[in-house]
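Heavy-atom basis, side chains included; hydrogens, waters and symmetry copies ignored. Just so we're on the same page: letters track the sequence lines, and every chain starts at 1.
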2 protein chains.
Amino acid sequence: MIRILLLDDHNIVRSGYRRLIDAEPDMCVAAEAATVDDAYAAARDTALDVAVVDLSLRGASGIEATRRILARSSGIRVLVLTMHDSPGFVTQAFRAGAMGYLTKSSDPGELIGGIRQVAAGRRVLSADVAQGVANAALEEDDLLSRLTPREFEVLRMAASGESPPRIALHMHLSHKTILNHLSAVRQKLDTETDFSLLRLAARHGLVELPTPSSVPC
Amino acid sequence: MIRILLLDDHNIVRSGYRRLIDAEPDMCVAAEAATVDDAYAAARDTALDVAVVDLSLRGASGIEATRRILARSSGIRVLVLTMHDSPGFVTQAFRAGAMGYLTKSSDPGELIGGIRQVAAGRRVLSADVAQGVANAALEEDDLLSRLTPREFEVLRMAASGESPPRIALHMHLSHKTILNHLSAVRQKLDTETDFSLLRLAARHGLVELPTPSSVPC
DNA sequence: TGGTCGCCGGGAAAATTTCCCGGTTCGCGC
DNA sequence: GCGCGAACCGGGAAATTTTCCCGGCGACCA
């Protein structure tokens, strides 16, 4: 019998997983957790074989959860189950010690099979995700390093919401120079829209972005 | 017997919901869909009582789905089930004709109960969400709520990084119409730059933004 | 000393955005 | 039914912005 811990902050989603898993004769959900702390406590107090972990949790990430669960409990394996399919997440997860990575778009059968694989000590990776990882590993060099320091700085200020005139004022430059720099940035980073440019900047940690939790404005 | 349509682009999550629902004696999942188009087709071809709709779909949003489902099938009621708890989403959903709004953090019992309520023609709203909506309604009208559904949808796609031509293609509209919508959005929301517009959208939970962790180092 | 590079900014061409228009559909009150 | 307003679609022209190209400056290096 494979004993399983579910970590996902959505109650309903968790309940659904439980039904899926409990329907299998050789596995059962031994614990549920909505937060990293709860999961940590469960891993300490309960005998477990596999932890099924969501990455996008409120507060700390599933990566952190993975690390903490593994640090506490020696026999356990972690299977990440998330909506994200970015290569970055995948490498982060495996680096943190996960044994498997599935997206929520996978077949329910893949989840069941994946749990068995992971419990047996084998690695698991969604086919759709593997493709992306392979591509990223080949081509992806850090885009931001092509920017000159000045361009980098202008992008940082623009991405944090300042308007070009304000940036110019702040940097004691001409309005026009800022626009020229921004133009160069757009071209070097090959972005179609300013939206995608900002997303790129955010992905590289250039700016911190507001989260839905800070609603009032 | 309440006949239900599930619309969610995550296969595994959908399967979980199905288990939850099929365990009830008086309801059953009559159709599943991963895309708005599939849901539309299902609503046309199948006799249905309630549609359980996720808001964050790849491509078009659940708002759009809600409108299209309701337009096609007269007897059906829509229950939105999503991770988002921002007031903007809630008002958009009800404006599109939804009868209920639950977050995934709700109890599984609330989903079951909510389906029964909605099927009976009563409105349903998560307690946690109601709080936020009430606050937003009191202190100031939510910025995003001044947008029309169409503008909302265009903003959502643009903010998630799609280029205007791609959006036009996806929505079967003219390139020009998208630009006009975006222009209206910029004006209504009074943003100086597209960067600040995207930040605003992110703050209201309109899009999920990439985090620094998604880049391989 | 000549070459390259980053940086600054002006001016004109090119592209985009904004603005305004007419048309359609839908829902609502009368 | 009928008028009314609102949302929606999209074309065309004006207005604005972005891009492109330019010259000039200082720093670094072979």
Under 3.5 Å, which N/O atoms of the protein pair with N/O atoms of nucleotides 16-18 of chain C?
residue	atom	partner	partner atom	Å
C:dT18	OP2	B:S183	OG	2.9
C:dT18	OP2	B:R186	NE	3.3
C:dT18	O5'	B:S183	OG	3.4
C:dT18	O4	B:K176	NZ	3.4

Please enumerate all residues that pass salt bridge (Lys or Arg N to Asp or Glu O under 4.0 Å) together with A:R18, with sequence neighbours excluded. A:D22, A:E32
Compile the donor-acceptor pairs under 3.5 Å between side chains in residues 169-180 of chain A and protein atoms, sequence neighbours left out, one pair per line.
residue	atom	partner	partner atom	Å
A:S174	OG	A:K176	N	2.9

Taking any atom under 4.0 angstrom from a heavy atom of chain B, which nucleotides of DNA chain D are the first and last to qualify, 5' to 3'? D:dA7 to D:dA13
If you look only at pairs with a residue in residues 163-174 of chain B, which of them pass as a salt bridge (Lys or Arg N to Asp or Glu O under 4.0 Å), with sequence neighbours excluded? B:E162-B:R166
According to salt bridge (Lys or Arg N to Asp or Glu O under 4.0 Å), who are the partners of B:R44, at least two apart in sequence or on a separate chain? none
Please lay out, stage by stage, how B:Y101 and B:L79 fare under the test side chain to side chain contact (heavy atoms under 4.5 Å, CB included). CA-CA 6 Å; B:Y101 193 105; B:L79 172 62; 6.0 Å; no
Sequence neighbours excluded, the answer for side-chain hydrogen bond (donor to acceptor under 3.5 Å, both in side chains) partners of B:D49 is B:R3
Residues which pass side-chain hydrogen bond (donor to acceptor under 3.5 Å, both in side chains) with B:S163, listed by chain and number, not counting sequence neighbours: A:E192
So which protein N/O to nucleotides 25-29 of chain C N/O distances come out below 3.5 Å?
none

Taking only residues two or more places apart in sequence, or in another chain, which ones meet B:D37 in a salt bridge (Lys or Arg N to Asp or Glu O under 4.0 Å)? B:R68
The criterion is side-chain hydrogen bond (donor to acceptor under 3.5 Å, both in side chains); which residues satisfy it with B:D26, sequence neighbours excluded? B:R116
Helical bend (five base pairs per end, nearest 10°) for the helix from C:dT1-D:dA30 to C:dC30-D:dG1: 30°
